Number of protein chains: 2
Amino acid sequence: MKKKNEASEISIGKQVAMRMPKDEILYDMAELFKVFGDTTRTKILCALFESEMCVCDLTEAVGMTQSAVSHQLRILRHARLVLVKRKGKLSYYSLGDNHVKKIFSMAMEHTLEPK
Amino acid sequence: MKKKNEASEISIGKQVAMRMPKDEILYDMAELFKVFGDTTRTKILCALFESEMCVCDLTEAVGMTQSAVSHQLRILRHARLVLVKRKGKLSYYSLGDNHVKKIFSMAMEHTLEPK
DNA sequence: TGAACATATGAACTGTTGTTCATATGTTCA
DNA sequence: TGAACATATGAACAACAGTTCATATGTTCA
(Lines give C-alpha, C1' and ligand atoms only; values in the text may rest on other atoms or scores of the structure.)
Protein backbone atom coordinates (compact mmCIF):
# COMPACT_ATOMS: atom_id res chain seq x y z
CA MET A 1 0.00 0.00 0.00
CA LYS A 2 1.06 3.54 -0.68
CA LYS A 3 1.88 5.71 2.31
CA LYS A 4 -0.75 8.21 3.39
CA ASN A 5 -0.90 11.68 1.95
CA GLU A 6 0.69 14.08 4.47
CA ALA A 7 -2.07 16.64 4.24
CA SER A 8 -5.06 14.35 4.82
CA GLU A 9 -5.86 11.03 6.44
CA ILE A 10 -8.09 10.00 3.57
CA SER A 11 -6.59 8.79 0.27
CA ILE A 12 -7.65 10.30 -3.03
CA GLY A 13 -9.07 6.90 -3.87
CA LYS A 14 -11.44 6.95 -0.89
CA GLN A 15 -12.41 10.59 -1.47
CA VAL A 16 -13.30 9.93 -5.08
CA ALA A 17 -15.10 6.74 -4.12
CA MET A 18 -17.40 8.83 -1.94
CA ARG A 19 -18.13 11.35 -4.67
CA MET A 20 -18.83 8.76 -7.36
CA PRO A 21 -22.33 8.61 -8.83
CA LYS A 22 -24.47 5.73 -7.63
CA ASP A 23 -23.63 2.34 -9.08
CA GLU A 24 -27.02 2.24 -10.72
CA ILE A 25 -26.31 5.36 -12.75
CA LEU A 26 -22.92 4.15 -13.87
CA TYR A 27 -24.45 0.83 -14.78
CA ASP A 28 -27.09 2.55 -16.88
CA MET A 29 -24.46 4.64 -18.63
CA ALA A 30 -22.46 1.56 -19.47
CA GLU A 31 -25.61 -0.11 -20.74
CA LEU A 32 -26.27 2.86 -23.00
CA PHE A 33 -22.78 2.67 -24.49
CA LYS A 34 -23.07 -1.07 -24.85
CA VAL A 35 -26.04 -0.50 -27.12
CA PHE A 36 -23.96 1.78 -29.36
CA GLY A 37 -21.12 -0.72 -29.25
CA ASP A 38 -22.07 -3.08 -32.04
CA THR A 39 -21.41 -2.64 -35.73
CA THR A 40 -24.85 -3.71 -36.85
CA ARG A 41 -26.52 -1.26 -34.49
CA THR A 42 -24.06 1.47 -35.44
CA LYS A 43 -24.96 0.91 -39.07
CA ILE A 44 -28.65 1.04 -38.31
CA LEU A 45 -28.31 4.30 -36.41
CA CYS A 46 -26.16 5.71 -39.14
CA ALA A 47 -28.78 4.85 -41.74
CA LEU A 48 -31.54 6.39 -39.63
CA PHE A 49 -29.42 9.49 -39.39
CA GLU A 50 -30.15 9.99 -43.08
CA SER A 51 -33.86 9.37 -42.92
CA GLU A 52 -36.71 7.53 -41.30
CA MET A 53 -37.00 4.10 -42.83
CA CYS A 54 -38.91 0.84 -42.76
CA VAL A 55 -37.29 -2.42 -41.75
CA CYS A 56 -36.89 -3.74 -45.24
CA ASP A 57 -35.12 -0.59 -46.38
CA LEU A 58 -32.94 -0.76 -43.26
CA THR A 59 -32.15 -4.36 -44.04
CA GLU A 60 -30.98 -3.31 -47.45
CA ALA A 61 -29.13 -0.27 -46.13
CA VAL A 62 -27.03 -2.17 -43.63
CA GLY A 63 -26.63 -5.37 -45.63
CA MET A 64 -27.61 -7.87 -42.97
CA THR A 65 -30.43 -10.39 -42.78
CA GLN A 66 -33.88 -9.16 -41.85
CA SER A 67 -33.77 -11.27 -38.71
CA ALA A 68 -30.49 -9.81 -37.49
CA VAL A 69 -31.76 -6.29 -38.11
CA SER A 70 -34.99 -6.96 -36.29
CA HIS A 71 -33.20 -8.38 -33.27
CA GLN A 72 -30.97 -5.34 -33.08
CA LEU A 73 -33.90 -2.98 -33.55
CA ARG A 74 -35.52 -4.50 -30.51
CA ILE A 75 -32.43 -3.65 -28.47
CA LEU A 76 -32.33 -0.10 -29.83
CA ARG A 77 -36.03 0.27 -29.11
CA HIS A 78 -35.67 -0.85 -25.50
CA ALA A 79 -32.83 1.61 -25.03
CA ARG A 80 -35.12 4.32 -26.45
CA LEU A 81 -32.57 5.17 -29.11
CA VAL A 82 -35.09 4.65 -31.89
CA LEU A 83 -38.81 5.09 -32.31
CA VAL A 84 -41.25 3.03 -34.35
CA LYS A 85 -44.51 3.85 -35.94
CA ARG A 86 -46.47 1.24 -37.72
CA LYS A 87 -48.08 2.15 -41.04
CA GLY A 88 -50.00 -0.73 -42.50
CA LYS A 89 -47.66 -3.65 -42.75
CA LEU A 90 -44.54 -1.53 -42.59
CA SER A 91 -42.76 -0.41 -39.42
CA TYR A 92 -41.01 2.91 -39.75
CA TYR A 93 -38.04 3.53 -37.52
CA SER A 94 -36.43 6.87 -36.67
CA LEU A 95 -33.83 8.22 -34.27
CA GLY A 96 -35.01 8.62 -30.71
CA ASP A 97 -33.83 11.95 -29.41
CA ASN A 98 -31.17 14.58 -29.88
CA HIS A 99 -28.72 13.02 -27.45
CA VAL A 100 -28.39 10.13 -29.84
CA LYS A 101 -27.38 12.47 -32.61
CA LYS A 102 -24.94 14.40 -30.42
CA ILE A 103 -23.30 11.34 -28.92
CA PHE A 104 -23.06 9.82 -32.33
CA SER A 105 -21.42 12.78 -34.02
CA MET A 106 -19.05 13.25 -31.10
CA ALA A 107 -17.91 9.66 -31.51
CA MET A 108 -17.58 10.16 -35.23
CA GLU A 109 -15.27 13.11 -34.62
CA HIS A 110 -13.18 11.11 -32.21
CA THR A 111 -12.98 8.22 -34.65
CA LEU A 112 -12.05 10.33 -37.65
CA GLU A 113 -9.52 12.44 -35.80
CA PRO A 114 -5.93 11.97 -37.00
CA LYS A 115 -3.85 10.19 -34.44
CA MET B 1 -40.48 -7.23 -51.13
CA LYS B 2 -41.96 -3.77 -51.05
CA LYS B 3 -43.04 -2.28 -54.36
CA LYS B 4 -40.72 0.28 -55.87
CA ASN B 5 -41.02 3.96 -55.06
CA GLU B 6 -42.89 5.61 -57.95
CA ALA B 7 -40.46 8.50 -58.26
CA SER B 8 -37.21 6.54 -58.46
CA GLU B 9 -35.99 3.12 -59.47
CA ILE B 10 -33.66 2.89 -56.47
CA SER B 11 -35.03 2.07 -53.02
CA ILE B 12 -34.21 4.25 -50.03
CA GLY B 13 -32.34 1.30 -48.62
CA LYS B 14 -29.99 1.16 -51.63
CA GLN B 15 -29.55 4.92 -51.70
CA VAL B 16 -28.60 5.04 -48.04
CA ALA B 17 -26.37 2.00 -48.42
CA MET B 18 -24.37 3.97 -50.98
CA ARG B 19 -24.01 7.00 -48.75
CA MET B 20 -23.00 5.04 -45.63
CA PRO B 21 -19.51 5.64 -44.21
CA LYS B 22 -16.99 2.93 -44.91
CA ASP B 23 -17.38 -0.25 -42.87
CA GLU B 24 -14.04 0.40 -41.28
CA ILE B 25 -15.19 3.71 -39.82
CA LEU B 26 -18.40 2.26 -38.47
CA TYR B 27 -16.44 -0.60 -37.01
CA ASP B 28 -14.08 1.80 -35.27
CA MET B 29 -16.98 3.79 -33.89
CA ALA B 30 -18.58 0.65 -32.50
CA GLU B 31 -15.23 -0.31 -30.99
CA LEU B 32 -15.02 3.06 -29.30
CA PHE B 33 -18.46 2.67 -27.77
CA LYS B 34 -17.67 -0.88 -26.75
CA VAL B 35 -14.84 0.49 -24.65
CA PHE B 36 -17.23 2.82 -22.85
CA GLY B 37 -19.70 0.00 -22.46
CA ASP B 38 -18.48 -1.69 -19.31
CA THR B 39 -19.24 -0.69 -15.75
CA THR B 40 -15.70 -1.06 -14.49
CA ARG B 41 -14.35 1.12 -17.26
CA THR B 42 -17.16 3.62 -16.79
CA LYS B 43 -16.23 3.85 -13.12
CA ILE B 44 -12.58 4.33 -13.94
CA LEU B 45 -13.35 7.13 -16.38
CA CYS B 46 -15.71 8.71 -13.92
CA ALA B 47 -13.02 8.67 -11.24
CA LEU B 48 -10.45 10.17 -13.62
CA PHE B 49 -12.99 12.86 -14.39
CA GLU B 50 -12.38 14.11 -10.86
CA SER B 51 -8.63 13.97 -10.96
CA GLU B 52 -5.53 12.29 -12.27
CA MET B 53 -4.79 9.25 -10.14
CA CYS B 54 -2.44 6.32 -9.65
CA VAL B 55 -3.61 2.74 -10.07
CA CYS B 56 -3.86 2.01 -6.37
CA ASP B 57 -6.08 5.04 -5.81
CA LEU B 58 -8.15 4.04 -8.81
CA THR B 59 -8.45 0.56 -7.41
CA GLU B 60 -9.81 2.02 -4.21
CA ALA B 61 -12.03 4.51 -6.03
CA VAL B 62 -13.82 1.92 -8.12
CA GLY B 63 -13.81 -0.89 -5.58
CA MET B 64 -12.47 -3.66 -7.77
CA THR B 65 -9.34 -5.78 -7.56
CA GLN B 66 -6.07 -4.28 -8.72
CA SER B 67 -5.85 -6.89 -11.45
CA ALA B 68 -9.28 -6.15 -12.84
CA VAL B 69 -8.52 -2.45 -12.87
CA SER B 70 -5.19 -2.98 -14.61
CA HIS B 71 -6.75 -5.13 -17.29
CA GLN B 72 -9.36 -2.51 -17.99
CA LEU B 73 -6.79 0.28 -18.00
CA ARG B 74 -4.94 -1.52 -20.74
CA ILE B 75 -8.09 -1.48 -22.85
CA LEU B 76 -8.68 2.20 -22.13
CA ARG B 77 -5.07 2.95 -22.96
CA HIS B 78 -5.23 1.18 -26.31
CA ALA B 79 -8.37 3.10 -27.15
CA ARG B 80 -6.48 6.29 -26.28
CA LEU B 81 -9.15 7.26 -23.80
CA VAL B 82 -6.63 7.59 -20.99
CA LEU B 83 -3.00 8.61 -20.70
CA VAL B 84 -0.32 7.28 -18.36
CA LYS B 85 2.77 8.82 -16.98
CA ARG B 86 5.05 6.84 -14.78
CA LYS B 87 6.48 8.55 -11.70
CA GLY B 88 8.73 6.25 -9.75
CA LYS B 89 6.84 3.13 -8.98
CA LEU B 90 3.45 4.75 -9.48
CA SER B 91 1.56 5.04 -12.76
CA TYR B 92 -0.63 8.10 -13.02
CA TYR B 93 -3.61 7.90 -15.29
CA SER B 94 -5.65 10.78 -16.68
CA LEU B 95 -8.39 11.33 -19.25
CA GLY B 96 -7.24 11.25 -22.84
CA ASP B 97 -8.85 14.10 -24.71
CA ASN B 98 -11.85 16.39 -24.69
CA HIS B 99 -14.01 14.11 -26.77
CA VAL B 100 -13.97 11.67 -23.91
CA LYS B 101 -15.35 14.28 -21.58
CA LYS B 102 -17.98 15.44 -24.03
CA ILE B 103 -19.17 11.97 -24.95
CA PHE B 104 -19.25 11.06 -21.31
CA SER B 105 -21.30 14.03 -20.15
CA MET B 106 -23.67 13.64 -23.09
CA ALA B 107 -24.31 10.05 -22.04
CA MET B 108 -24.75 11.15 -18.45
CA GLU B 109 -27.44 13.61 -19.56
CA HIS B 110 -29.22 10.96 -21.54
CA THR B 111 -29.05 8.54 -18.62
CA LEU B 112 -30.29 11.01 -16.04
CA GLU B 113 -33.05 12.38 -18.21
CA PRO B 114 -36.55 11.63 -16.90
CA LYS B 115 -38.35 9.15 -19.10
C1' DT C 1 -61.05 -16.15 -46.39
C1' DG C 2 -56.43 -17.22 -47.77
C1' DA C 3 -52.17 -16.04 -50.17
C1' DA C 4 -48.40 -12.92 -50.02
C1' DC C 5 -45.73 -9.90 -47.70
C1' DA C 6 -43.46 -7.34 -43.53
C1' DT C 7 -41.84 -7.83 -39.16
C1' DA C 8 -40.87 -10.11 -34.75
C1' DT C 9 -39.19 -13.66 -31.85
C1' DG C 10 -37.48 -18.18 -29.68
C1' DA C 11 -33.84 -21.62 -29.58
C1' DA C 12 -29.40 -23.17 -30.58
C1' DC C 13 -24.76 -22.33 -31.51
C1' DT C 14 -20.44 -19.72 -31.41
C1' DG C 15 -17.33 -16.27 -30.45
C1' DT C 16 -16.27 -12.62 -27.26
C1' DT C 17 -15.44 -10.40 -22.88
C1' DG C 18 -14.50 -9.70 -17.88
C1' DT C 19 -12.95 -11.57 -13.66
C1' DT C 20 -9.85 -14.24 -10.88
C1' DC C 21 -5.60 -16.30 -9.65
C1' DA C 22 -0.90 -16.74 -10.09
C1' DT C 23 3.01 -14.64 -11.31
C1' DA C 24 6.18 -11.51 -13.87
C1' DT C 25 8.21 -6.90 -14.35
C1' DG C 26 9.80 -2.71 -12.66
C1' DT C 27 11.08 0.65 -8.95
C1' DT C 28 12.64 2.26 -4.41
C1' DC C 29 15.32 2.26 -0.45
C1' DA C 30 17.60 0.28 3.50
C1' DT D 1 21.75 -6.51 -3.40
C1' DG D 2 17.30 -7.98 -1.78
C1' DA D 3 12.92 -7.02 0.46
C1' DA D 4 8.72 -4.51 -0.19
C1' DC D 5 5.68 -2.33 -2.96
C1' DA D 6 3.15 -0.89 -7.50
C1' DT D 7 1.67 -2.37 -11.71
C1' DA D 8 1.05 -5.48 -15.65
C1' DT D 9 -0.09 -9.69 -17.84
C1' DG D 10 -1.14 -14.69 -19.20
C1' DA D 11 -4.27 -18.58 -18.67
C1' DA D 12 -8.55 -20.53 -17.37
C1' DC D 13 -13.25 -20.18 -16.63
C1' DA D 14 -17.96 -18.41 -16.65
C1' DA D 15 -21.28 -15.34 -18.45
C1' DC D 16 -22.99 -12.90 -22.27
C1' DA D 17 -24.12 -11.27 -26.90
C1' DG D 18 -24.97 -11.69 -31.99
C1' DT D 19 -26.18 -14.46 -35.89
C1' DT D 20 -28.84 -17.96 -38.10
C1' DC D 21 -32.75 -20.77 -38.88
C1' DA D 22 -37.33 -21.77 -38.31
C1' DT D 23 -41.51 -20.05 -37.42
C1' DA D 24 -45.07 -16.99 -35.38
C1' DT D 25 -47.72 -12.71 -35.67
C1' DG D 26 -49.88 -9.12 -38.04
C1' DT D 27 -51.53 -6.70 -42.25
C1' DT D 28 -53.26 -6.13 -46.99
C1' DC D 29 -55.87 -7.19 -50.86
C1' DA D 30 -57.83 -10.10 -54.36
Side-chain angles (χ1 to χ4, degrees), chain A residues 1-5 11-13 23 26-27 30-45 47-48 52-79 82-94, chain B residues 1-5 11-13 23 26-27 30-45 47-48 52-79 82-94:
Chain A
M1 269 295 149
K2 198 182 54 160
K3 75 170 191 299
K4 286 192 186 89
N5 194 317
S11 69
I12 294 191
D23 269 23
L26 291 164
Y27 177 82
E31 286 304 301
L32 175 63
F33 284 123
K34 213 171 281 179
V35 175
F36 281 103
D38 171 78
T39 310
T40 302
R41 290 192 292 268
T42 303
K43 282 182 185 171
I44 290 174
L45 290 172
L48 293 179
E52 174 178 275
M53 227 176 294
C54 67
V55 176
C56 69
D57 276 330
L58 266 177
T59 298
E60 213 171 33
V62 308
M64 313 266 330
T65 66
Q66 178 269 317
S67 179
V69 171
S70 247
H71 278 295
Q72 299 312 324
L73 281 172
R74 184 166 47 81
I75 294 173
L76 290 167
R77 232 159 48 219
H78 289 157
V82 300
L83 300 171
V84 221
K85 32 179 186 179
R86 187 113 195 179
K87 277 187 189 164
K89 56 182 169 179
L90 302 184
S91 291
Y92 284 91
Y93 281 83
S94 56
Chain B
M1 271 295 151
K2 198 181 56 158
K3 76 171 190 298
K4 286 193 185 90
N5 195 317
S11 68
I12 294 191
D23 270 21
L26 291 166
Y27 177 83
E31 286 304 300
L32 175 63
F33 283 123
K34 214 172 278 180
V35 176
F36 280 103
D38 170 77
T39 311
T40 302
R41 291 193 292 269
T42 303
K43 283 181 184 170
I44 291 174
L45 292 172
L48 294 178
E52 174 177 274
M53 227 177 295
C54 68
V55 177
C56 68
D57 276 330
L58 265 177
T59 298
E60 214 171 31
V62 309
M64 312 266 330
T65 67
Q66 178 270 317
S67 180
V69 171
S70 247
H71 277 296
Q72 298 313 324
L73 281 171
R74 184 167 48 79
I75 293 173
L76 291 167
R77 234 160 47 221
H78 289 158
V82 299
L83 299 171
V84 221
K85 33 180 184 179
R86 188 113 193 180
K87 278 187 188 165
K89 56 181 168 180
L90 302 184
S91 290
Y92 284 91
Y93 281 83
S94 56

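Proteins come first, then strands; the chains are lettered A, B, ... in the order of their sequence lines, and each starts at number 1. Not measured: the values here are computed from a predicted model.
Checking C:dT19, D:dT19, C:dT7 against the side-chain heavy atoms of A:Ala68 singles out D:dT19 as nearest. If you check D:dT19, D:dA8, C:dA8 against the side chain of B:Tyr93, the one that comes closest is D:dA8. The side chain of A:Cys54 has C:dT7 as its nearest neighbour among D:dA8, C:dT7, C:dA8.
Look at NZ on A:Lys89: it is 15 Å from P on C:dA3, rounded to the nearest Å. Here the P atom of nucleotide D:dA17 and the CZ atom of A:Phe33 are 17 Å apart, to the nearest Å. The distance from atom OH of B:Tyr92 to atom P of D:dA8 is 13 Å, rounded to the nearest whole Å. Following rounding to the nearest Å, A:Ile44 (CD1) and C:dA8 (C1') show an atom-to-atom distance of 13 Å. In this structure, the CZ atom of B:Arg86 is 9 Å from the P atom of C:dG26, given to the nearest Å. Atom CE of A:Met64 is separated from atom C1' of D:dA17 by 13 Å (rounded to the nearest Å). One atom, NZ of A:Lys85, and another, P of D:dT27, lie 17 Å apart when rounded to the nearest Å. With rounding to whole Å, A:Phe36 atom CZ is found 17 Å from D:dA17 atom P.
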Are any protein N/O atoms closer than 3.5 Å to N/O atoms in nucleotides 10-17 of chain C? If there are, list each pair with its distance.
from: C:dG10; atom 1: O6; to: A:His71; atom 2: NE2; distance (Å): 2.8

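The phosphate of C:dA6 (OP1 or OP2) has no side-chain N or O of A:Ser91 nearer than 4.0 angstrom. For A:Ser70, no side-chain nitrogen or oxygen approaches OP1 or OP2 of C:dT7 to under 4.0 Å. Here B:Thr40 does not reach the OP1 or OP2 of C:dG18: none of its side-chain N or O atoms lies under 4.0 Å away.
No N or O donor and acceptor, one from the side chain of B:Gln66 and one from the base of D:dA6, sit under 3.5 Å apart.
Across all strands shown, the partner of C:dA30 is D:dT1, judged by Watson-Crick or G-U wobble contacts whose two distances both fall under 3.5 Å. With a cut-off of 3.5 Å on both Watson-Crick or G-U wobble distances, the partner of D:dA12 is given as C:dT19. Base pairing analysis places D:dA17 opposite C:dT14; the two distances defining the Watson-Crick or G-U wobble pair are each below 3.5 Å. In this structure, C:dA6 forms a base pair with D:dT25, meeting either the Watson-Crick or the G-U wobble geometry with both donor-acceptor distances under 3.5 Å.
At least one donor-acceptor pair closer than 3.5 Å links the side chain of A:Arg41 to the backbone N or O of A:Lys34. Side-chain atoms of B:Thr42 come within 3.5 Å of backbone atoms of B:Phe36 as a donor-acceptor pair (strictly under, hydrogens ignored).
Nearest-nucleotide assignment on DNA chain D puts the 5′-proximal partner with A:Val69, out of A:Val69 and A:Lys87.
To the nearest 0.5 Å, the span separating OG1 on A:Thr59 from CG on A:Leu73 amounts to 8.0 Å.
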Query raised in the report: How far apart are the C-alpha atoms of B:Gln72 and B:Lys43, what are their side-chain angles, what is the distance that settles it, and do they pass the side-chain contact (heavy atoms from CB on, under 4.5 Å) test?
Result: CA-CA 11 Å; B:Gln72 298 313 324; B:Lys43 283 181 184 170; over 6 Å; no
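Residues B:Ala47 and B:Leu58 come closest through the heavy atom pair CB-CD2, 3.9 Å. Closest approach of A:Tyr93 to A:Val55, counting heavy atoms only: CE1-CG2, 3.6 Å. Nearest approach of A:Val69 to A:Met64, heavy atoms of both residues: CG2-CB, 4.1 Å. Shown here for A:Met53 and A:Ala61, the closest heavy-atom pair between the two residues is SD-CB, 4.3 Å.
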